[in-house]
Protein chains: 2
Amino acid sequence: MMTVSRVLRGAPDVSDATRERVFAIVDRVGYVPNQAAQSLVSRRSRIVAAVVPSIGNAMFAETLHGMSDVLRAEGYFLVVAHSGYSPREEHAVVKALLGQRPCGVFLHNTVHRAETVALLRKQRIPVVETGDLAARPIDSVVSYSNFRAGRAMTEHLIGRGYRRIAFASALRRNNDRVHERRRGYHAALKSAGLRRDPAMEFEGDPDPVVGARLLHAIVDGSPDVDAIFFASERLAIGGYFEAQRMGLAVPGRVAIAGFDFYEATSQVLPAAITTIVTPRHEIGVVTARLLVDRLRDGSDAPIRRDLGFELAERGST
Amino acid sequence: MMTVSRVLRGAPDVSDATRERVFAIVDRVGYVPNQAAQSLVSRRSRIVAAVVPSIGNAMFAETLHGMSDVLRAEGYFLVVAHSGYSPREEHAVVKALLGQRPCGVFLHNTVHRAETVALLRKQRIPVVETGDLAARPIDSVVSYSNFRAGRAMTEHLIGRGYRRIAFASALRRNNDRVHERRRGYHAALKSAGLRRDPAMEFEGDPDPVVGARLLHAIVDGSPDVDAIFFASERLAIGGYFEAQRMGLAVPGRVAIAGFDFYEATSQVLPAAITTIVTPRHEIGVVTARLLVDRLRDGSDAPIRRDLGFELAERGST
DNA sequence: CTGAAAGCGCTTACAG
DNA sequence: CTGAAAGCGCTTACAG
């Protein structure tokens with residue numbers, strides 16, 4: 001039994017002849033070691049737990065994809081769960097996942113309940129957060145800055161000569177990402193000497209239908225609006241087509257900017273939508289590498305990685 | 001120790017006073033039972049393994065989302081991995097996942113290597129496949145019929161008076177879903193007395209840029225084409241905008257039909273794209289329920305569920 | 001280079 | 001209603 005264990009773990013001190021016999025038999029009988037027993041006795045699992053707000057959301061799915069690419073190659077497993085954007089559910093999910101004794105935890109969210117933070121800290125395992133470059137992460141953080149991205153887009157619009165810039169986003173409650181984008185929008189307005197106007201700020205479910213409704217409401221309510229920064233791509237796409245339906249030229253009558261890469265936005269006609277491209281896949285890859293490296297080294301120094309973003313200037317602004 | 005075990009599993013035969021003491025202490029110290037030990041001794045894990053072609057693809061992510069909704073509520077965990085559309089990698093991934101001794105396996109694919117089928121059958125655990133209503137599944141199958149969907153869309157086009165209908169899809173190799181859609185296309189042509197024309201069939205990476213290129217090639221190469229059935233939504237969206245760029249009226253000059261729900265296709269102007277809406281989320285929910293029910297009953301009767309599809313008729317046809 | 005002993009953290013099955 | 005014994009399938013640490 002010990003010899004099989006050694007061979008499968010690639011330990012030295014096994015004769016070539018024995019090694020080959022073991023491999024042959026393992027192959028023939030289709031033996032796959034029981035990971036539960038392995039992790040019980042070795043006191044380390046190969047399970048990484050990931051909690052995202054929604055598994056079905058392509059943005060988060062892309063990051064999970066990146067993680068999976070690396071973890072699979074390194075012999076780790078990815079257990080996923082979603083919180084439905086609720087800190088309360090996040091806590092319940094994290095607690096349940098800890099029953100698997102994961103060797104690392106990934107949270108696509110940086111706003112947690114105090115008890116969730118305490119629970120995770122107590123585990124003494126690496127925890128990586130993303131979603132925003134949080135000022136005070138639980139442990140490590142791999143992200144881009146929503147504040148800087150929101151500011152960059154607003155500066156872009158100002159640079160193009162727009163002065164009455166509306167801001168429309170997903171619901172801000174419990175959503176640090178959106179909150180930070182809005183802070184960036186405010187910061188850019190301020191440095192340009194433009195006044196913030198609460199009547200130019202909107203939020204709603206991030207759905208194209210809502211985006212359409214918001215665009216309509218904004219243009220009707222503030223006829224002097226000359227640009228709309230949709231800090232959510234699904235709102236942007238809905239707003240874009242609503243502008244077409246209303247016969248408003250984009251960007252002639254109103255410029256439209258989005259946030260995040262949503263494939264269709266680069267395709268739409270007559271003008272593709274200017275947006276912020278975030279490194280979704282890379283965040284997953286870097287997170288997984290960081291976890292794997294730390295488990296190998298046994299290091300526990302928190303890591304902070306800003307992977308940046310790109311402002312894709314297109315015809316809509 | 002036994003008493004704590006009983007209380008946490010909700011076993012009877014514990015006095016109320018003891019039960020309360022146990023809960024109080026468990027809460028205070030934040031005790032979460034080690035699932036590895038549980039599954040080792042009880043010989044049943046609470047892990048469901050899911051393999052999809054690509055985690056980042058929104059279609060598959062939506063099904064995983066549905067599974068996660070149910071599994072989480074029932075106390076199960078979802079371990080996900082992707083095969084990159086490769087049967088060889090699928091085999092490696094399935095084998096690795098079996099090390100977790102999952103209580104059930106989900107495969108978003110119905111074309112496997114013989115050794116993968118054999119390996120899974122040997123485990124004596126429920127296996128659910130989806131992607132297509134496979135004729136000979138490993139065990140259970142929860143899906144819709146790509147053949148019927150492909151036929152229904154082609155019949156729709158014929159019913160609208162189109163006669164020279166091109167078919168463009170993702171690469172067919174190792175992709176039963178696309179293969180079946182094409183069979184449905186052929187069946188509909190045949191019942192309508194229309195001739196199949198190999199020069200009207202195309203495949204390529206399912207990317208909007210490829211869709212644009214294909215539309216261009218089809219219209220140039222077969223000037224008499226009057227409809228294009230893109231059996232992949234990302235191709236459809238690319239083709240749709242390319243038609244606009246080329247100044248071709250849709251559907252006046254050429255009708256365009258898609259496959260699968262891709263949010264933007266319901267938004268585009270001037271005409272939304274006719275498509276097949278598949279029950280992605282429901283497939284996940286039904287799959288998870290089926291797994292949970294079977295584990296509870298101990299039944300091992302294979303189940304076959306056809307969840308159907310909807311043909312969403314829109315302006316583009 | 002190979003193997004026997006001990007034990008990871010639980011639950012099953014049995015005794016009281 | 002409560003608890004002691006045995007053991008799940010492995011690896012660690014030690015002996016030869």
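The shown structure was predicted, so the numbers you read here are calculated from the model rather than taken from an experiment. Chain letters run A, B, ... following the sequence lines, proteins first, then strands; residues in each count from 1.
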Report summary line: Atom CG of L40(A) and atom C1' of dG7(D) are separated, to the nearest Å, by 12 Å
Requested in this report: To the nearest Å, give me how far apart CG (N34(B)) and P (dG7(C)) are.
Outcome: 18 Å
Query raised in the report: Taking OP1 and OP2 of dC10(D), is either one under 4.0 Å from a side-chain nitrogen or oxygen of Y31(A)?
Result: yes
Query raised in the report: Roughly how many Å is it from CZ in R21(B) to C1' in dC1(D), rounded to a whole number?
Result: 13 Å
Query raised in the report: Would you say the side chains of S143(A) and D132(A) form a donor-acceptor pair under 3.5 Å?
Result: no
Report task. Nearest-nucleotide wise, let me know which of S42(A) and V4(B) is further upstream toward the 5' end of DNA chain C. Result -> S42(A)
Query raised in the report: So, does the side chain of R6(B) form a donor-acceptor pair with the base of dG3(D) at under 3.5 Å?
Result: yes
Query - pair R280(A)-Y144(A): side-chain heavy atoms closer than 4.5 Å - result: yes
Query raised in the report: Rounding to a whole Å, what distance do you find between Q35(B):CD and dT11(C):C1'?
Result: 13 Å
Query - Spacing between L8(B) atom CG and dC10(C) atom C1', to the nearest angstrom - result: 11 Å
Report task. Determine whether I138(B) and L107(B) make a side-chain contact, defined as any pair of heavy atoms from C-beta on separated by less than 4.5 Å. Result -> yes
Requested in this report: Assign T18(B) to base, sugar-phosphate, or nothing according to its heavy-atom contacts below 4.0 angstrom with the strands shown.
Outcome: sugar-phosphate
Report summary line: Smallest heavy-atom separation, A92(B) atom then R72(A) atom, equals CB-NH2, 3.1 Å
Query raised in the report: Between atom CE in M2(A) and atom C1' in dG9(D), what is the gap in whole Å?
Result: 13 Å
Query raised in the report: R44(A) CZ to dG9(C) P: how many Å, rounded?
Result: 16 Å
Requested in this report: Tell me whether the OP1 or OP2 atom of dG9(D) has a side-chain N or O from R43(B) closer than 4.0 Å.
Outcome: yes
Query raised in the report: Phosphate oxygens OP1/OP2 of dC1(D): is one of them under 4.0 Å from a side-chain N or O of S15(B)?
Result: no
Report task. Identify the nucleotide, in any strand shown, that forms a Watson-Crick or G-U wobble pair with dT2(C), with both distances under 3.5 Å; if there is none, say none. Result -> dA15(D)
Report task. Report yes if at least one side-chain N or O of S5(B) is closer than 4.0 Å to OP1 or OP2 of dT11(C); otherwise report no. Result -> yes
Query raised in the report: Are OP1 or OP2 of dT11(C) and a side-chain N or O of Q38(B) less than 4.0 angstrom apart?
Result: yes
Report summary line: In terms of heavy-atom contacts, A170(A) and S232(A) come closest through N-CB, 4.3 Å
Report task. Map M1(B) and R9(A) onto DNA chain D by nearest heavy atom, then report which one ends up closer to the 5' terminus. Result -> M1(B)
Report task. Measure from CZ on R46(B) to C1' on dC10(C) and round the result to the nearest Å. Result -> 14 Å
